[in-house]
There are 2 protein chains.
Amino acid sequence: MSTTHDVLFRTLADPTRREIFEQLCREGEQTVGALTAHAGISQPAVSKHLGVLKTAGLVRDRQEGRQTHYSAQLGALSPLIDWTRQMAGFWENRFNRLEDLLKRMDQ
Amino acid sequence: MSTTHDVLFRTLADPTRREIFEQLCREGEQTVGALTAHAGISQPAVSKHLGVLKTAGLVRDRQEGRQTHYSAQLGALSPLIDWTRQMAGFWENRFNRLEDLLKRMDQ
DNA sequence: TCGATATATAACCAGCTGGCTATGGATGAG
DNA sequence: CTCATCCATAGCCAGCTGGTTATATATCGA
């Protein structure tokens, strides 16, 4: 079983793939050709990365003639943001429990 | 060259490793033995994961007799939070530029 | 001192992954 | 119609990675 967090983290873990995603965030919708020009790797490699990004929900594709335009789906990042918040939350809860303990010890 | 983002994403991409980190966030400082009991893998495997987490700055270790206590370093997550904010920022900037363009076209 | 316990390290291995080239299929240009 | 272009897919391979067992090291208890 592969969770949403798994897919997101694994997808963004590769520098090349993250670079492509950042490019789409910065410049908006781009064709595969344009992305390949920046990436410094072969077109098939770029297509494979785009496939992974699409599976993760991080990009959307739009066909137009023989070109495919890809764009970033920023909303797909929210599980990641939620996760960091949750980690911070755990930390605070432990801190509060410690505070309570100290209060009880104080009485 | 390996950036901070690279290290963070790659470190958190592994489910087992992320689980260990979450455990430390939830329960606070833990010995290697305690972590191994939860992880469902061998002690050396856990030690290796802890090594990776430590290299990424995500955990701290404290020696006490023959035990090693590990704890989460929440602050190490900030580059990750910054990155997501930056991506959102790129998106907004493009939106603003589009707005400006439409304004100019309107005149 | 001697055995048990806690952790780290070494050595090894199977499987995944990210790159490549080759090729197919669809669309545009002439 | 024919050829070029754009992209996706297939097949291949080297290298990384996450697991294992075996072992070293250090501390604790008796």
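Numbers restart at 1 for each chain; the letters A, B, ... are given by sequence-line order, proteins then strands.
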* Structure fact -> Correct closest heavy-atom pair for A:Val59 and A:Gln73 would be C-CG, 3.8 Å

* Check DNA chain C against residues 9-38 of chain B and give the residues with a non-hydrogen atom under 4.0 Å, in numerical order. => B:Thr31, B:Val32, B:Gly33

* Report the distance from atom NE2 of A:His69 to atom P of D:dA8, rounded to the nearest whole Å. => 11 Å

* To do: Check whether any side-chain heavy atom of B:Cys25 sits under 4.5 Å from a side-chain heavy atom of A:Gln86, and report yes or no.
  => no

* Asked: Heavy atoms, side chains only, cut-off 4.5 Å: are A:Leu12 and A:Leu80 in contact?
  -> yes

* So, is B:Tyr70 close to the C:dA8 phosphate, meaning a side-chain N or O under 4.0 Å from OP1 or OP2? -> yes

* Check the distance between D:dT27's P and B:Gln67's CD and give it to me in whole angstrom. => 13 Å

* Residue pair A:Asp61 / A:Leu50, side-chain heavy-atom distance below 4.5 Å -> no

* Asked: Rounded to the Å, how far apart are A:Arg66 CZ and C:dA29 C1'?
  -> 8 Å

* Atom CD of B:Glu64 and atom C1' of C:dA6: how far apart are they, to the nearest Å? -> 13 Å

* Structure fact -> Closest non-hydrogen atoms of B:Gln30 and B:Ala34, given as atom of the first, atom of the second and distance, are OE1-CB, 3.6 Å

* Taking the side chain as every heavy atom from C-beta outward, state whether A:Val7 and A:Ser2 have any pair of such atoms under 4.5 Å apart. => yes

* Spacing between B:Asp6 atom CG and D:dC16 atom C1', to the nearest angstrom -> 14 Å

* Structure fact -> Note: B:Arg18 and B:Ala13 closest approach over all heavy atoms is NH1-O, 3.6 Å

* To do: Strictly below 4.0 Å, heavy-atom distances to any atom of DNA chain D: list the hits from residues 39-58 of chain B, or just say none.
  => B:Ile41, B:Ser42, B:Pro44, B:Ala45, B:Lys48, B:His49

* Positive for side-chain contact (heavy atoms from CB on, under 4.5 Å) with A:Phe21, one of A:Leu77, A:Thr16, A:Asp14 -> A:Leu77

